[in-house]
**Student:** 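The structure that follows is given in the form of structure tokens.
Nothing fancy with the numbering, it's 1 onward along the sequence.
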Amino acid sequence: MTPRYRPYQSYSDRLLQDTAYLNSNRNLTERIVDRIILQLNRVYPQVLSNKEAEKFRSLKTPLRIRLADLLKHLPRKGERECQEFYRALQNNADKVYATLPSRNNLNTSDPLGISPNEEKMILNDHGPVFFLACFSVAAGLAFLMYYNNPEVKSPDSAKKVFGFTAIGFGRHVRNILISFLEDAV
């Protein structure tokens, strides 16, 4: 059973969780692993020393053994080193990085713990600007419908309001408002 991703889970813990997957993944070719090791060797400050990089790039040792050794070595070095490994993995093998078990748990875990049924009841989170924009459109349409009614005699001040509101809108809306003024006159 793989542990669920927690928001505070360290990169070392994530690397331990992903080790089996990375060792068995056939998309991590010799070339990609070499690129990752070179990036870890060249990043400042160095994650891997030159001697360590040579050890993990040695062609005398099979790729899977070198990769397993690297994945055991990085958590012992520290949290920043594991983070740099994930950065190198993302840069060099984005498809593998996207399918990591810890990433999948990150995407599927619900930090609020809300069930799908409760989630349907929660209001959307567009914010106050979205609410004000929708309310303004609804109020404007109601205003237009009220004064467009032929039974209601609109005072001259209402026509002036329509004329001035046409200034701030785009071409299409402006044409509609001006045509309404011409029809009303």
Side-chain angles (χ1 to χ4, degrees), residues 1-137 168-170:
M1 182 174 142
T2 58
R4 281 186 67 94
Y5 176 78
R6 299 175 310 250
Y8 56 89
Q9 188 176 20
S10 70
Y11 285 99
S12 303
D13 293 340
R14 286 179 57 196
L15 189 58
L16 292 174
Q17 179 183 350
D18 294 333
T19 297
Y21 175 77
L22 290 169
N23 282 329
S24 65
N25 193 316
R26 296 294 171 204
N27 291 331
L28 284 176
T29 61
E30 182 92 32
R31 186 175 179 191
I32 292 173
V33 173
D34 279 348
R35 283 187 198 162
I36 291 170
I37 292 169
L38 283 174
Q39 184 172 338
L40 293 175
N41 179 243
R42 293 179 181 156
V43 73
Y44 179 80
Q46 276 187 330
V47 173
L48 295 176
S49 66
N50 290 338
K51 185 177 180 181
E52 291 169 332
E54 286 175 19
K55 173 187 165 191
F56 294 124
R57 292 185 69 211
S58 172
L59 296 176
K60 295 177 183 174
T61 312
L63 173 66
R64 296 295 157 205
I65 294 173
R66 287 185 284 139
L67 182 61
D69 290 344
L70 175 67
L71 295 174
K72 288 177 193 171
H73 178 74
L74 288 173
R76 283 183 260 153
K77 287 200 76 156
E79 186 66 19
R80 190 189 64 75
E81 286 77 3
C82 294
Q83 183 179 6
E84 288 298 329
F85 171 79
Y86 277 108
R87 185 174 291 134
L89 183 65
Q90 185 177 17
N91 289 342
N92 296 296
D94 193 39
K95 290 180 182 177
V96 175
Y97 178 77
T99 59
L100 289 171
S102 62
R103 298 276 307 157
N104 290 341
N105 289 339
L106 170 66
N107 295 336
T108 58
S109 68
D110 187 6
L112 299 176
I114 298 173
S115 72
N117 293 334
E118 291 173 337
E119 189 174 348
K120 292 177 185 175
M121 293 182 222
I122 295 176
L123 295 175
N124 64 27
D125 59 349
H126 289 293
V129 175
F130 180 76
F131 171 76
L132 288 174
C134 290
F135 181 77
S136 299
V137 168
F169 289 110

**Student:** Kindly state each residue pair satisfying salt bridge (charged side-chain N to carboxylate O under 4.0 Å, His left out) with at least one member in residues 89-100, sequence neighbours excluded.
**Tutor:**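 Not a single pair qualifies under salt bridge (charged side-chain N to carboxylate O under 4.0 Å, His left out).
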
**Student:** Check whether the side chains of Tyr21 and Ser102 place a donor and an acceptor atom closer than 3.5 Å, and report yes or no.
**Tutor:**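 The answer is no; no qualifying pair exists.
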
**Student:** Nearest 0.5 Å, what's the CG-CD1 distance between Leu70 and Ile65?
**Tutor:**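 Taking CG in Leu70 and CD1 in Ile65, the distance rounds to 13.5 Å.
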
**Student:** Taking side-chain contact (heavy atoms from CB on, under 4.5 Å) as the definition, give me every residue that meets it alongside Arg31, ordered by chain and number, with sequence neighbours left out.
**Tutor:**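 side-chain contact (heavy atoms from CB on, under 4.5 Å) check on Arg31 returns Thr29, Arg35.
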
**Student:** With a 4.5 Å heavy-atom cut-off, do Leu74 and Val47 have their side chains touching?
**Tutor:**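 When only atoms from C-beta onward are counted, Val47 and Leu74 do touch, with a gap below 4.5 Å.
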
**Student:** Side chains of Arg14 and Arg103: closer than 4.5 Å at any heavy-atom pair?
**Tutor:**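 Sidechains of Arg103 and Arg14: in contact.
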
**Student:** Tell me, please, which residues at least two apart from Asn27 pass side chain to side chain donor-acceptor pair (under 3.5 Å).
**Tutor:**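 Asn27: no side chain to side chain donor-acceptor pair (under 3.5 Å) contacts found.
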
**Student:** Got a sec, which residues hit salt bridge (Lys or Arg N to Asp or Glu O under 4.0 Å) with Glu84, two or more places apart in sequence or on another chain?
**Tutor:**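 Listed in chain order: Arg87.
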
**Student:** Which heavy atom of Leu22 sits nearest to which heavy atom of Leu100, and what is that distance?
**Tutor:**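 The pair with the smallest heavy-atom distance is CD2-CD2, 3.6 Å.
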
**Student:** Could you list the residues that satisfy side chain to side chain donor-acceptor pair (under 3.5 Å) with Asp34, not counting sequence neighbours?
**Tutor:**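 Checked Asp34 against side chain to side chain donor-acceptor pair (under 3.5 Å); zero matches.
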
**Student:** List for me each residue that meets side chain to side chain donor-acceptor pair (under 3.5 Å) alongside Gln39, sequence neighbours excluded, and say none if there are none.
**Tutor:**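 Partners of Gln39 under the side chain to side chain donor-acceptor pair (under 3.5 Å) test: Asn92.
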
**Student:** Excluding sequence neighbours, so at least two apart, what forms side chain to side chain donor-acceptor pair (under 3.5 Å) with Tyr86?
**Tutor:**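 For Tyr86 the side chain to side chain donor-acceptor pair (under 3.5 Å) partners, ignoring immediate neighbours, are Asp18.
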
**Student:** Atom CD of Gln83 and atom OG of Ser12: how far apart are they, to the nearest 0.5 Å?
**Tutor:**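 Between Gln83 CD and Ser12 OG, I get 10.0 Å after rounding to 0.5 Å.
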
**Student:** So which pairs with a foot in residues 55-71 pass side-chain hydrogen bond (donor to acceptor under 3.5 Å, both in side chains), sequence neighbours left out?
**Tutor:**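 Found Glu30-Arg66.
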
**Student:** Looking at residues at least two apart in the chain, or sitting in another chain, which of them share a side-chain contact (heavy atoms from CB on, under 4.5 Å) with Glu52?
**Tutor:**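 Glu52: side-chain contact (heavy atoms from CB on, under 4.5 Å) contacts with Leu48, Ser49, Phe56, His73, Lys77.
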
**Student:** List the atom of Leu28, the atom of Leu89, and the distance in Å for their closest heavy-atom pair.
**Tutor:**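 For Leu28 versus Leu89, the nearest heavy atoms are CD2-CD1, 3.9 Å.
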
